[in-house]
Amino acid sequence: MQENEFYKLVQEASHLETIDRAQVASEAVLETLGETLTGGEAEDVAAQLPSELASIVEDADHDGAGYDREAFVDRVGDHLQGTEVEGDDAEQFADGVTDAIAATLTQGELQDLKSQLDGDLHPLFEGVAVDPEDV
C-alpha cells in the first residue's frame, strides 16, 4: 500500500474533508501507537506500513506505556495540539487510523500488535470499516 492510499483510507474512515487532515491525524495516532509498543514490535508494524509512515512508528519513544483507550485517545489529542486538526475529535481519528492500520497489516502482524496493547484498545483494530480494495 502506498502512503496516499493509506491517507485515503483514513480520510474515508474518519470522515475528514481533506487528505491533509488525514495526514495530520495519521501522524498523531501512529506516534501514539509507537509509544505504546516495544521497539521490536514497532519495527515489525513499521515494516508493513508505507515507508513514509513507518518512520513515525519507529521514531516514537517506545516506552510500552500500556495506554488504555481513554489514555490513548487523550495522547492522540495531545499530539494534535497546535495542528489544524481538532483534538476534540481524537477518538474519531484513532478509530479511522487504526482501521487503516488493520487493513494494511497481515492478520499475523495484527494479532502480534494487539498482544502488546491493553485489551481496551483491541476494538479499535476490529470490525474494520474500510476496504483497501475500494481505494
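Bear in mind that the values here come from a model prediction, so they are computed numbers and not experimental data.
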| message | Out of the candidates E109, E126, E41, only one should pair with K114 under the salt bridge (charged side-chain N to carboxylate O under 4.0 Å, His left out) rule; please name it. | response | E126
| field | Hydrophobic cluster identity match, L49 and F93, side-chain contacts under 4.5 Å | value | yes
| field | V73-L16 co-clustered via ILVMFWY side chain contacts under 4.5 Å | value | no
| field | Minimum heavy-atom distance between L37 and A42, given as atom pair plus value | value | CD1-CA, 4.0 Å
| request: List the steps, then state whether side-chain contact (heavy atoms from CB on, under 4.5 Å) holds for L113 with L33. | output: CA-CA 10 Å; L113 167 65; L33 181 64; 4.0 Å; yes
| query | When rounded to the nearest 0.5 angstrom, what distance separates CG in L117 from CG in L124? | reply | 9.0 Å
| From CD (E12) to NZ (K8), nearest 0.5 Å | 11.0 Å
| query | Can you check whether T106's main-chain N or O pairs, donor with acceptor, with Q48's side chain at less than 3.5 Å? | reply | yes
| query | Can you tell me if CD on Q111 sees more than 12 non-hydrogen neighbours from other groups inside 6.0 Å? | reply | yes
| request: Please determine if R69 and E91 form a salt bridge, counting it only when a charged side-chain N lies under 4.0 Å from a carboxylate O. | output: yes
| query | Of the non-hydrogen atoms in A90 and G77, which two are nearest, and what is the gap between them? | reply | CB-N, 3.7 Å
| Closest heavy-atom contact between L80 and T83? | O-OG1, 2.6 Å
| field | Under 3.5 Å donor-acceptor, S14 side chain and Q11 backbone | value | no
| task | Would you please test Q107 and L110 for side-chain contact (heavy atoms from CB on, under 4.5 Å) and show each step? | result | CA-CA 5 Å; Q107 282 302 311; L110 183 58; 4.2 Å; yes
| Among V29, V85, T32, which residue meets the side-chain contact (heavy atoms from CB on, under 4.5 Å) test with H79? | T32
| query | What's the shortest heavy-atom distance between S115 and D112, and which atoms? | reply | OG-O, 2.6 Å
| query | Are V76 and L53 joined in one hydrophobic group, where the rule is that I, L, V, M, F, W and Y side chains link up if heavy atoms are under 4.5 Å apart? | reply | yes
| request: Would you name the heavy atoms of F125 and A102 that are closest together and state the gap between them? | output: O-CB, 3.8 Å
| remark: Distance col, row H15:NE2 vs D89:CG, nearest 0.5 angstrom, shows 11.5 Å
| message | Nearest 0.5 Å, please: how far is CG in L30 from CG in D59? | response | 11.5 Å
| task | Start with the C-alpha gap between E31 and E27, add the side-chain angles, then the distance that decides, and say whether side-chain contact (heavy atoms from CB on, under 4.5 Å) holds. | result | CA-CA 6 Å; E31 184 172 357; E27 290 172 0; over 6 Å; no
| said: What's the separation between atom CZ in R21 and atom OG in S26, rounded to the nearest 0.5 Å? | reply: 12.5 Å
| remark: On a heavy-atom basis, the closest approach of A46 and A54 is O-CB, 3.2 Å
| said: Under a 3.5 Å cutoff, is there a donor and acceptor pairing between the side chains of Y7 and E3? | reply: yes
